[in-house]
Number of protein chains: 2
Amino acid sequence: MEKEITIYDIAKGLGVSPTTVSRALNNHPAVKEKTKKKIFDAASELGYQSNIFAANLRSKRSNNIGVIVPSLKSNFQASVLAGMEKVASEAGFNLVISQSLESSEKEIANTKSMFNSRVDGLLISLASGAENLEHFAPFYKRGIPVIFYDRIANTDISTGVSIDNIQSAQIATNHLIEQGCKRIVHVLGSTEVSVYSERLKGYKYALIDKNIPFEDNLVIILSDINEEAGEEIVSQILKMNPLPDGLFVSNDACAASCLNHLKMNGIRVPQDMALVGFNNEIISRLVEPKITTINYPGYEMGEVAMKNLINHLEEPDTTTLQNTNKITLRSELIIRESSLKKPKT
Amino acid sequence: MEKEITIYDIAKGLGVSPTTVSRALNNHPAVKEKTKKKIFDAASELGYQSNIFAANLRSKRSNNIGVIVPSLKSNFQASVLAGMEKVASEAGFNLVISQSLESSEKEIANTKSMFNSRVDGLLISLASGAENLEHFAPFYKRGIPVIFYDRIANTDISTGVSIDNIQSAQIATNHLIEQGCKRIVHVLGSTEVSVYSERLKGYKYALIDKNIPFEDNLVIILSDINEEAGEEIVSQILKMNPLPDGLFVSNDACAASCLNHLKMNGIRVPQDMALVGFNNEIISRLVEPKITTINYPGYEMGEVAMKNLINHLEEPDTTTLQNTNKITLRSELIIRESSLKKPKT
DNA sequence: ATTAAAAATACAACCGATTTCATAAAAAAG
DNA sequence: CTTTTTTATGAAATCGGTTGTATTTTTAAT
């Protein structure tokens with residue numbers, strides 16, 4: 001155990017005060033260039049490493065930004081995190097990441113843990129069933145910025161970054177209707193999650209617009225829409241009479257799995273059933289037929305959310321964040337073979 | 001700005017010393033139960049929050065574990081991180097994550113940043129081209145454990161968690177040979193990355209075992225093997241004369257993309273060309289034909305790496321880590337249609 | 001040359017919990 | 001009812017930068 005080199009050691013060695021050393025190392029303008037140089041040289045000579053704990057204690061900032069994701073095992077979340085990491089790292093912030101695993105209790109625990117470890121800001125995509133948002137109160141009370149992304153909260157106080165899920169789902173559903181679909185099944189996750197409940201709305205709006213009656217039993221809600229769910233979904237669809245002619249799945253991996261099981265049951269896509277997914281994941285481009293989907297800008301979402309958070313941290317006087325309630329990113333329908341009953345116009 | 005509640009406030013309010021408060025809050029046995037209760041009650045009454053900066057300063061530990069990944073935008077890495085997060089979170093550690101983006105310089109910068117932010121341990125999957133490992137010296141010097149995972153370092157000092165890439169590739173190649181393939185193309189990433197250079201070895205060993213001559217031009221090395229690379233790879237393959245009859249791609253997403261382009265060019269899989277991927281990603285199960293692949297236990301790798309790190313942190317006296325050079329996880333070939341030229345035996 | 005203004009450096013308090021060592025209180029032993 | 005042992009609490013130093021204020025040094029102005 002070698003003893004740690006401190007600014008006091010440097011100061012003593014150079015016959016200056018610790019104050020000057022501290023200021024020099026932080027590039028404070030009130031220190032002469034010559035002195036700075038001397039101090040920098042001595043510091044690197046001695047192998048000095050700043051003790052960030054002491055600095056944090058005094059400055060009351062950790063330079064850490066917390067991110068809570070529903071699950072790390074998600075293409076979309078991985079993209080978001082990549083965008084966040086890039087921006088944070090460029091601005092000199094570290095990312096502290098934890099996952100709620102769709103459990104409200106774990107989300108609360110994670111939030112507390114982030115608060116106790118004194119992150120400078122928090123980015124969070126809500127777990128399903130997180131209707132009570134009291135666990136963020138400590139952050140607001142202390143003025144620590146919290147930004148929701150993707151699965152945002154519908155309260156007035158919060159700032160959120162997301163896409164227009166209602167519109168996206170409406171466009172997707174509308175596209176299926178235009179392709180001649182009359183009975184469209186919509187598969188989604190728990191409506192406790194904002195993105196799903198909004199997409200359901202969009203689906204309904206599209207139907208209403210075209211005077212197609214909304215049928216409850218055409219909506220399949222599962223707690224987890226993923227690869228495994230495909231079999232169950234298709235078996236449910238096959239029991240419907242008459243058979244639906246359109247399928248809008250809120251997630252590409254699940255859509256691809258449905259496609260697979262539909263094919264296994266002799267149902268042709270798009271001829272018998274047109275299919276639209278969501279997210280524009282790689283899988284949507286590599287299955288056969290390629291899946292029509294909504295392009296969902298995960299990486300950009302991460303960048304935007306992080307940029308906003310950091311802007312706010314660096315200029316706390318601007319009231320941007322408080323006044324910004326919602327940032328909506330552009331999303332778009334990407335039409336591929338899986339939905340084309342009619343020739344492309 | 002409300003002033004922060006400290007243990008001094010609690011102490012003053014109760015007429016005890018800060019020492020006792022500190023001990024009580026840490027559940028020290030030398031404090032009477034009655035006193036503890038009194039202190040806990042006062043603490044929650046006042047809304048006390050421990051100042052972790054001060055605690056860190058004194059205890060010289062951050063309770064943070066750093067993870068450096070080549071890229072967050074990766075199914076595999078996401079799985080690994082999920083495993084790590086679960087174990088870390090259960091043990092009360094936070095995860096600080098950054099990505100090197102396959103750049104050696106950024107890896108060095110990230111490593112420094114992790115060191116300066118005083119993580120208690122470091123987990124890292126090396127960026128390609130990271131032959132020089134001096135940037136980890138400060139960690140070793142200070143006794144901060146570093147564990148490599150997946151893309152490990154081949155030095156004596158380091159501990160690594162990975163699969164047996166040589167053997168896996170050998171089994172995969174051998175499987176293709178047994179299916180009757182005579183000319184097998186191997187697609188891999190930069191051989192500067194341990195996993196790829198090892199798989200290339202395995203590929204060669206399998207050929208040698210079966211007395212098939214190794215041909216340099218059957219090996220396609222790309223800096224990034226991903227979806228986009230498929231087109232280029234297939235075009236290169238089509239130029240080969242005679243046409244190969246087997247294809248072993250070191251990554252499922254890329255394999256799926258190759259499959260796509262092969263089909264577009266009228267090449268039947270597996271009849272004309274048998275295909276094996278790597279990673280057992282979801283995509284390998286949903287394309288047609290389903291892709292034979294190596295199951296790669298990402299989540300478990302994350303768990304194992306993190307467990308080992310934490311064990312070491314909690315029992316630094318045991319010399320487990322120093323003496324453990326390498327932990328190898330089980331991997332296996334999963335045979336699906338894409339490689340079955342012969343009927344399954 | 002003298003004074004005013006500006007620039008550079010130093011002093012000392014502070015951030016808030018932890019911990020060693022000493023001391024007081026309570027319990028056990030004689 | 002002492003004396004010894006055990007248990008519980010406290011005083012004060014410490015971790016290592018940061019920062020408001022004071023002081024010294026340097027430069028500019030008169």
Side-chain angles (χ1 to χ4, degrees), chain A residues 1-40 42-44 46-64 92 115-118 120 142 144, chain B residues 1-40 42-44 46-64 92 115-118 120 142 144:
Chain A
M1 290 300 153
E2 310 169 29
K3 57 195 171 291
E4 195 152 330
I5 309 292
T6 72
I7 54 169
Y8 296 95
D9 300 323
I10 299 177
K12 205 175 291 171
L14 259 46
V16 296
S17 77
T19 312
T20 306
V21 175
S22 171
R23 294 212 171 104
L25 293 172
N26 286 306
N27 229 338
H28 194 285
V31 179
K32 234 199 299 189
E33 281 306 325
K34 218 171 123 187
T35 319
K36 270 184 195 168
K37 168 116 179 53
K38 220 171 51 178
I39 291 173
F40 273 114
S44 71
L46 293 170
Y48 168 76
Q49 187 205 4
S50 160
N51 186 322
I52 208 166
F53 299 147
N56 287 345
L57 174 58
R58 194 62 229 256
S59 64
K60 297 178 186 297
R61 306 196 326 122
S62 67
N63 260 293
N64 286 165
F115 185 70
N116 288 333
S117 65
R118 308 231 171 190
D120 293 341
R142 253 185 208 272
I144 301 169
Chain B
M1 290 297 155
E2 308 169 30
K3 56 195 172 288
E4 194 151 329
I5 308 294
T6 73
I7 53 170
Y8 298 95
D9 300 323
I10 300 177
K12 203 175 293 173
L14 259 49
V16 296
S17 77
T19 311
T20 306
V21 177
S22 171
R23 289 206 179 107
L25 294 173
N26 287 305
N27 228 338
H28 194 285
V31 179
K32 234 199 299 188
E33 279 307 324
K34 219 172 123 188
T35 320
K36 270 186 197 169
K37 170 119 180 47
K38 218 171 53 178
I39 290 173
F40 273 112
S44 72
L46 293 170
Y48 167 77
Q49 185 205 5
S50 162
N51 186 321
I52 209 167
F53 298 148
N56 287 345
L57 174 59
R58 196 65 231 258
S59 66
K60 297 180 185 298
R61 307 197 326 122
S62 66
N63 261 293
N64 286 166
F115 185 69
N116 288 333
S117 66
R118 308 228 173 193
D120 294 341
R142 253 187 209 272
I144 302 169

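Chain letters run A, B, ... following the sequence lines, proteins first, then strands; residues in each count from 1.
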Using heavy-atom distances to pick each residue's nearest nucleotide on DNA chain C, tell me which of B:Arg58 and A:Gly15 is more 5'. A:Gly15
If you check the B:Thr6 side chain, which of D:dG10, C:dA17, D:dG16 turns out closest? C:dA17
N or O in side chain of B:Thr20 less than 4.0 angstrom from D:dG10 OP1/OP2: yes
So, is A:Ser22 near the phosphate of D:dT18, with a side-chain N or O under 4.0 Å from OP1 or OP2? yes
Side chain of A:Thr19 - closest among D:dG20, D:dA11, C:dG16: D:dG20
Side chain to side chain contact (heavy atoms under 4.5 Å, CB included) between A:Asp120 and A:Asn64: does it pass, once the steps are laid out? CA-CA 6 Å; A:Asp120 293 341; A:Asn64 286 165; 5.9 Å; no
Within-4.5 Å side-chain heavy-atom neighbours: A:Lys36 and A:Asn27: yes
Mind checking B:Ser59 for me? I need base, sugar-phosphate or nothing, with any heavy atom below 4.0 Å counting as a touch. nothing
Using a 4.0 Å heavy-atom cut-off across all strands, classify A:Ala30 as base, sugar-phosphate, or nothing. base
By nearest-nucleotide position on DNA chain C, the 5'-leaning member of B:Arg23 and B:Leu57 is B:Leu57
Find the distance B:Leu14:CG to D:dG10:C1' and express it as a whole number of Å. 15 Å
Spacing between B:Asn63 atom CG and C:dT18 atom P, to the nearest angstrom: 12 Å
Please tabulate, for the side chains in residues 6-17 of chain B, all donor-acceptor contacts under 3.5 angstrom to protein atoms that are two or more places apart in sequence or on a different chain.
unit_1, atom_1, unit_2, atom_2, d
B:Thr6, OG1, B:Tyr8, N, 3.0
B:Thr6, OG1, B:Asp9, N, 3.4
B:Asp9, OD2, B:Thr6, N, 2.8
B:Ser17, OG, B:Thr19, N, 3.4
B:Ser17, OG, B:Thr20, N, 3.2
B:Ser17, OG, B:Thr20, OG1, 3.2

With heavy atoms under 4.0 Å as the rule, sort B:Val21 into base, sugar-phosphate or nothing. nothing
Validation row: B:Arg142, A:Gln49 side chains within 4.5 angstrom (heavy atoms): yes
Below the 4.0 Å mark, does C:dG16 have OP1 or OP2 next to a side-chain nitrogen or oxygen of A:Lys60? yes
Rounded to whole Å, please give me the gap between CG in A:Asn116 and P in C:dG16. 15 Å
On DNA chain D, nearest-nucleotide positions of B:Ala54 versus B:Pro18: which is more 5'? B:Pro18
Have a look at A:Tyr8 and say if it touches a base, only the backbone sugar-phosphate, or nothing, with a 4.0 Å heavy-atom cut-off. base
Between A:Arg61 (CZ) and C:dC15 (C1'), how many Å, whole number? 15 Å
Could you tell me which non-hydrogen atom of A:Ile5 sits nearest to which non-hydrogen atom of A:Tyr48, and how far apart they are? O-CD1, 3.3 Å
Rounded to the Å, how far apart are A:Leu25 CG and C:dT9 P? 13 Å
How would you label the contact of A:Asn26 with the nucleic acid (heavy atoms, under 4.0 Å): base, sugar-phosphate, or nothing? sugar-phosphate
Nucleotide C:dG16, atom C1' - distance to CG of A:Asn56 in whole Å: 13 Å
Atom CD1 of B:Ile10 to atom P of D:dT9: distance rounded to whole Å? 15 Å
